[in-house]
Amino acid sequence: MTQAKSPKTFRVKSFGCQMNVYDGERMAELLGEQGIAPAAEGEEADLVVLNTCHIREKAAEKVYSDIGRITKRGRKAGKEPLIAVAGCVAQAEGEEIMARAPAVSMVVGPQAYHRLPDMLAKAVRGERASDTDMPAIAKFAALPQRKRINPAAFVTIQEGCDKFCTYCVVPYTRGAEISRPYSDLVSEARKLVEAGAKEITLLGQNVSAWSGENEAGRSVGLGGLIRALAKVDGLARIRYTTSHPADMDDDLIAAHGEVDKLMPYLHLPVQSGSDRVLKAMNRSHTAESYLKLLDRFRAARPDLALSGDFIVGFPGESEAEFADTLALVESVGYAQAFSFKYSPRPGTPAATMDDQIAPEVMDERLQRLQAALRRDQLAFNEASVGERCEVLVERRGKLDGQWLGKSPWLQSVHFTGDVGIGDLVTVDLASAGPQSLGGVLCEPAIA
Ligand code: SAH
Ligand code: SF4
Ligand code: F3S
């Protein structure tokens, strides 16, 4: 590598889950502290951070085509941008990236990105640097305080996964389950609210596995943390994602009925409706235990909107087993869902299982599943028409005078009126589409 000039501008591109988006924002803040500014829209940056996702093959391959594109565009603009690969592909394939992509000067894993400034100093000197250590929680203490905050903010409270579903790379890319301390989280929430946050979404690969000790030294779970955060003045809404059916305890379920600030929405991935497939996936629940769990949540909070994740075409999945997934979908009536074709991931047990399913069979099953999920999502939105609810205004809409925000059930709502970003306003839901609802503002903004 030749020596490079110190970068003046940067761009962070994040792929994958919300935690990656959160990490991407943290990296942008770290770079900002180094005096590097975000590149203007449409301009080539001096430093590009690709914050990658390894969950499915397509997502992981994208990193190499992106590197090629960045180098080419940089050359056209007369510069040689520094490239850092961060995120889960960096963790899983760091060495391979270094070998395959000479244009990359930094590889940094999801638990090591607080060291990005040091790595950058090396890269400027012409040395390549790679850091995929997993020092568990050290990162959070080393990150700068957040200054610019969206009204709907995210906070990572838990990271990593010990569940080892047989198809999934996350336990390898994010490491073992760790929980950030209770007191750090309560004080971070206070600071975020002071900086303008009205809603906080608590993030974790298995957020419901969070545990900590409260100020009285008593051990608490996610429900206890939510109850503590609900006492933070000025915080109006709390959400959390993603949970695993195995870690949902009584207190968390009860919190859904007792804590007004906890929004009526639950993302609880199921993956399949077939018990044989669930077992082969190493999911610790059955279709029935999952449905019973949902019943308990609904008993605590009858208007709960449900969301899930699904995989079609897991090795050996028969047509009858896929039909079990459709039947489960039918009986739940999801308000939202994410569905994927199974993608064999290197190093995971499922990748070498017999009976891998043909791509065209997966395509066809995914289409049928998504048609059912779309139908239910539209039905859920249509059933909301006529409701009066609070909407948190997050940004301007495409049309003149239009605003976009989220309902308590995480639906996108657009409406017009004299409001501002960060306002919590009362809206009558008036029309429904599959992706969003139209509303009518019925009250001036509550400051
Ligand atoms: N921790 C969360 C989700 C992590 S990944 C949970 O356990 O629910 C997000 C989703 O990606 C998963 O829920 C699963 O539906 C999907 N996914 C994970 N690995 C996959 C693979 N190899 N192929 C296809 N989809 C996958
Ligand atoms: Fe992956 Fe399963 Fe862990 Fe979710 S619970 S991150 S799907 S291993
Ligand atoms: Fe992807 Fe890593 Fe998130 S693999 S889904 S970015 S935890």
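In this chain, numbering begins with 1 at the start of the sequence shown. Counting convention: from 1, in listed order, for ligands and their atoms alike. None of these values were measured; they are calculated from a predicted model.
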When distances are taken from atom 8 (O) of ligand 1, the protein heavy atom at minimum range is P269 CG, 2.9 Å

NZ or CZ of R100 within 45° of Y64 ring axis and under 6.0 Å: yes

In ligand 3, which numbered atoms sit nearer than 4.0 Å to a non-hydrogen atom of Q205? 7 (S)

I need the nearest protein heavy-atom contact for atom 10 (C) of ligand 1: residue, atom name and distance, please. D309 OD2, 3.4 Å

Output yes when K406 and E199 qualify as a salt bridge under the 4.0 Å nitrogen-oxygen rule, no when they do not. no

Write out the residue and atom name of the closest protein heavy atom to atom 2 (Fe) of ligand 2, then the distance separating them to 0.1 Å. C165 SG, 2.3 Å

What part of Q205, side chain, backbone, both or neither, has a heavy atom within less than 4.0 angstrom of ligand 2? neither

Could you tell me the residue and atom name of the protein heavy atom closest to atom 4 (Fe) of ligand 2, and the distance to it rounded to 0.1 Å? R283 NH1, 4.4 Å

What residue and heavy atom of the protein are closest to atom 23 (N) of ligand 1, and at what distance? S343 N, 3.0 Å

Checked atom 2 (Fe) of ligand 3: protein N, O or S atoms closer than 2.8 Å come out as C88 SG

Protein heavy-atom partner closest to atom 24 (C) of ligand 1 - residue, atom, separation in Å: K341 O, 3.3 Å

Please verify whether a non-hydrogen atom of R283 lies at under 4.0 Å from ligand 1. yes

Counting heavy atoms only, which part of Y167 comes closer than 4.0 Å to ligand 2: side chain, backbone, both or neither? side chain

How does N206 reach ligand 2, by side chain, by backbone, by both or by neither, if only non-hydrogen atoms under 4.0 Å count? side chain

Among protein heavy atoms, which lies nearest atom 3 (Fe) of ligand 2, and at what distance? C161 SG, 2.2 Å

Do P408 and C389 come within less than 4.5 Å of each other through their side chains, counting heavy atoms only? yes

SB check D247 K163 (cutoff 4.0 Å): yes

State whether a side-chain donor-acceptor pair under 3.5 Å links S179 with Q158. no

Who's the nearest protein heavy-atom neighbour of atom 1 (Fe) of ligand 2, and how far? C168 SG, 2.3 Å

